[in-house]
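The analysis underlying the following values was restricted to heavy atoms, covering all of them including side chains, and did not include hydrogens, waters or symmetry mates. In what follows, every chain begins at residue 1, and chains take the letters A, B, ... in the order their sequences are listed.
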2 protein chains.
Amino acid sequence: MNERIGIKDIAKKAGVSKGTVDRVLHNRGNVSPIAREKVNAAMKELDYVPNVIASALASKKSWKIAVLMPDSKNDPFWNQPKAGILRAKKALRDYKVMIDFYPFRDADPDHFNSCADEILSKEYHALLISASFLKEGQKVLKKCEAKELPYIQINTFLERKSECFLSYIGQDSYASGMLAAKLLNFGVEEGASAMILHLEKGTNNAKHLVDKEKGFINFFSKNKKRKINIVKGSFGDVFDKKELHQYLKEMLEKTPNVQGVFVTTSKLFHIVPILKKLGRTDIKLVGFDLIDNNLKYLYNDKIHFLINQNPKKQGFMGIMNLFNHLVLKKEINALQLLPLDVVMKENVQYYLEDKEEEIHLVF
Amino acid sequence: MNERIGIKDIAKKAGVSKGTVDRVLHNRGNVSPIAREKVNAAMKELDYVPNVIASALASKKSWKIAVLMPDSKNDPFWNQPKAGILRAKKALRDYKVMIDFYPFRDADPDHFNSCADEILSKEYHALLISASFLKEGQKVLKKCEAKELPYIQINTFLERKSECFLSYIGQDSYASGMLAAKLLNFGVEEGASAMILHLEKGTNNAKHLVDKEKGFINFFSKNKKRKINIVKGSFGDVFDKKELHQYLKEMLEKTPNVQGVFVTTSKLFHIVPILKKLGRTDIKLVGFDLIDNNLKYLYNDKIHFLINQNPKKQGFMGIMNLFNHLVLKKEINALQLLPLDVVMKENVQYYLEDKEEEIHLVF
DNA sequence: TCTAATACTGTGCACGCACACAGCCAATTT
DNA sequence: AAATTGGCTGTGTGCGTGCACAGTATTAGA
């Protein structure tokens, strides 16, 4: 049953050799229009689907992919996308896919540039990039386009109009802001206050933070049935604990009845001990990312919700989509927004488990 | 670079032929202990990893899998596991995997039995089963074990001790009860009441409902800081709207200040219009499953949270795990609990999207 | 008309493995 | 001693496709 038909079948049907079928299949040229037409007709009639297994085995081509993302030494967050990339690499080990990492120091645009130049000086088939720097990122992508090097962006999205731009894989920042708002709205009483707090430098230059803020605020302005007072805070240097303590103290004093705080990055854990010192353990907290420091507080009920952005999956899907594009010539979606998982103590295990789960191949 | 080594390499290293290596690899017997040892040593030393591509291409075996689950005509829920199974089938099209469906009428144990008998009378390599009926389910699994037919259970878990029992893939009912409790606890004021409501017949016979209830109640009994009054309700025939209306009215009258209701199945949507008629739209609602009737109310803020159990993924993983076991001879986990996704209006899109996402192959 | 270039087509090997088969040798039986 | 058995081993073909190369038909140029 279920006899799969191969190129020799369509060759026979079309009255040509399998060599000709192969040439039609891969647009290698040197095929007469008549032959091409016969082959196409036969393929359509027999509903030919290439056998990827045999194809992969026979193919001699190898594919080189460069990865340009921040060094995980400086920010452990980047270990997760990296883990996803390595898992993808393992999944593709029987295909000739080579992956080279170019980690750049995350606060060093010059280093970012020099890494990019090194990539561009070599012969890669594609690039997986997470461009932290707005201006430099745009420049690098422009250079890629000049060299016709296709790329996929993860985590940070710089808009480009080009054939080379294949996809952005990451989160929808605006939606994540709304989600945080909805969660706080659920747990905060009518008439009370909720705070959105940026704990980063240069907040206004970071598009994703601006978007999160928009989402958060728009949720409450749309939702007119319940009145919640929204305040916005911003503090750059989380390592200056004394100043941060002072800042939060003043904010909470001048804002009446704050019942919830939304921190727009993974740095929520910094304010937990401070709130404790201020005797405000009643405040409900929402933040991002399942990093150890946050998890600790999630486990003992200090943090109520963490929104998970699937960083590992971002890396994994980045490579898998490039594979899809390069090797299997499939269309890939230009925008791939990953789920915003709502994580609590009771379901966190499912999002952490790193058991040897299935490996995902894209056909 | 990255020269992959194959059986001929280890054959050379071990000083035997590739035939002997193959026999060692697949435990085909007829290998002298000395040869076996040499081959094993060579494999270890060269860190041999089989090329699944070539292996799949060369293998002549075909695999037959039977699927025994409720008919989706009667309950559209089952369309989702089915869709997952079909996707897996597509992903495996180059491997010789055949899948036959045996849908049984969901309230008809006799039909379940006769479907099972038909499967057992044919030659299948494995079975994917969702046994709705406790007693009949156990009997059927026993028969499978007698015929040495390995199986994976999805959605409903019947405990068995047997070599044939490969895995259960589904949700952790107890954890889902706790999750629901946590969500309601977040949105319900101290001193108020929360209700757990079963809308099924024969609740006490359904293990997963009992477990959900345990999880829900234990959350509140563990959490002694905040006092919430818990009440339990149970009503069998949701289609008798008048009686259901009356039942809810009385429950809400005799229970002071009910602020949240947790319905333990996908049938939450049945009580939404009734609560509206009773003028109790303030009550916060938590239930299960992204089915259309529930989604409608999620969109217009009548339902606050839906807990998603990944029914499509259950089907997909069921097949993939059988493939893993049969074809790739990999160990698979006996218990595979899928994430309990917390779904709200703001993130529901990510769990619904049926875009042609990556297809998962297990190596 | 002949040659040479070009356009097109078919053949056959390789990819790494599974598996059938034939061959070998020692032990046992006749 | 010859025949048989059974444990063990190596050889060789085929899976469906990619691709190099050889081969044939067509056309253009002299």
Side-chain angles (χ1 to χ4, degrees), chain A residues 2-40 42-43 46-63 92-97 326-329 363, chain B residues 2-40 42-43 46-63 92-97 326-329 363:
Chain A
N2 227 357
E3 285 299 326
R4 289 220 35 200
I5 56 124
I7 57 168
K8 69 169 191 294
D9 298 308
I10 63 174
K12 189 193 278 183
K13 179 121 197 162
V16 297
S17 74
K18 67 195 182 76
T20 302
V21 176
D22 178 68
R23 278 181 285 268
V24 173
L25 224 54
H26 299 86
N27 290 318
R28 287 196 228 278
N30 291 338
V31 180
S32 67
I34 306 116
R36 179 186 312 277
E37 206 33 64
K38 282 192 293 185
V39 169
N40 280 328
M43 289 206 299
L46 296 181
D47 191 26
Y48 172 69
V49 180
N51 184 326
V52 277
I53 307 268
S55 173
L57 184 62
S59 176
K60 287 185 167 59
K61 257 192 209 126
S62 90
W63 302 95
L92 298 176
R93 88 184 110 68
D94 293 327
Y95 301 84
K96 293 100 187 166
V97 176
L326 294 174
V327 184
L328 306 179
K329 317 288 181 204
F363 283 125
Chain B
N2 227 356
E3 283 301 326
R4 291 219 33 199
I5 56 125
I7 56 168
K8 69 169 190 295
D9 298 308
I10 64 174
K12 188 192 280 181
K13 178 120 197 161
V16 297
S17 73
K18 64 198 182 80
T20 301
V21 176
D22 178 68
R23 277 181 285 268
V24 173
L25 224 55
H26 298 86
N27 288 318
R28 286 195 230 279
N30 291 338
V31 180
S32 65
I34 307 118
R36 180 187 312 277
E37 207 33 65
K38 282 193 291 185
V39 169
N40 281 327
M43 289 206 300
L46 295 181
D47 191 25
Y48 172 70
V49 180
N51 184 324
V52 276
I53 307 269
S55 173
L57 184 62
S59 176
K60 286 183 167 62
K61 262 193 205 121
S62 90
W63 303 95
L92 298 175
R93 88 184 111 66
D94 292 327
Y95 301 84
K96 293 102 186 165
V97 176
L326 294 174
V327 185
L328 305 179
K329 318 286 181 205
F363 286 124

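For the pair A/Asp9/A/Lys12, no side-chain contact is recorded, criterion being any heavy-atom separation below 4.5 Å from C-beta on.
Nearest approach of B/Ala11 to B/Ser17, heavy atoms of both residues: CB-C, 3.7 Å. Considering every non-hydrogen atom in both A/Ile10 and A/Met43, the closest pair reads CD1-CG, 3.3 Å. The two residues B/Trp63 and B/Leu326 have their closest heavy-atom pair at CH2-O, 3.6 Å.
If you check every strand for non-hydrogen atoms under 4.0 Å, A/Gly19 touches a base.
Among C/dG16, D/dC19, C/dC17, the nucleotide with an atom closest to any side-chain atom of B/Leu57 is C/dG16. Among D/dC19, C/dC17, C/dC8, the nucleotide with an atom closest to any side-chain atom of A/Asn30 is C/dC8. For A/Ser59, the side-chain atoms get nearest to D/dC19 when compared with the rest of D/dC19, D/dG16, D/dT9. Distances were taken from every side-chain heavy atom of A/Ala35 (C-beta onward) to each of C/dT9, D/dC15, D/dT17; the shortest belongs to C/dT9. With C/dG10, D/dC19, C/dG16 as the choices, the nucleotide that has an atom nearest any side-chain atom of A/Val16 turns out to be C/dG10. The side chain of B/Val31 approaches D/dT9 more closely than any other nucleotide in the set D/dT9, C/dC8, D/dG16. Counting only heavy atoms from C-beta on, B/Ser17 has its side chain closest to D/dT9 among D/dT9, D/dC19, D/dG16. Across C/dC17, D/dT17, D/dC8, the shortest atom-to-atom separation from the side chain of B/Ser32 is found for D/dC8. Taking the side chain of B/Pro33 as heavy atoms from C-beta on, and the options D/dC8, D/dC15, D/dT17, the nearest nucleotide is D/dC8.
Between B/Lys18 atom NZ and D/dG12 atom P there is a gap of 10 Å when expressed in whole angstrom units. Taking atom CD1 of residue A/Ile53 and atom C1' of nucleotide D/dC15, one finds them 11 Å apart after rounding to whole Å. Atoms CD1 (B/Ile7) and P (C/dG16) sit 10 Å apart, rounded to a whole Å. Distance CZ (B/Arg23) to C1' (D/dG10): 8 Å, rounded to an integer number of Å. Straight-line distance from the CD atom of B/Glu37 to the P atom of D/dC8: 15 Å, rounded to whole Å. D/dT9 atom C1' lies 13 Å from atom CZ of B/Arg36, rounded to whole Å. Rounding to whole angstrom units, CD1 of residue A/Ile34 and P of D/dA25 are separated by 15 Å. Atoms CG (B/Asn27) and P (C/dA18) sit 12 Å apart, rounded to a whole Å.
Put simply, the residue from B/Val21, B/Val16, B/Val39, B/Thr20 that forms a side chain to side chain contact (heavy atoms under 4.5 Å, CB included) with B/Val31 is B/Thr20.
Dashed line: the shortest gap from a side-chain N or O of B/His26 to OP1 or OP2 of C/dA18 is under 4.0 Å. For A/Thr20 and C/dC8, the shortest distance from a side-chain N or O to OP1 or OP2 is not below 4.0 Å. One finds a side-chain N or O of A/Tyr48 lying less than 4.0 angstrom from the OP1 or OP2 phosphate oxygen of D/dT17.
Looking only at distances, no side-chain donor or acceptor of A/Lys18 sits under 3.5 Å from a matching main-chain atom of A/Gly6.
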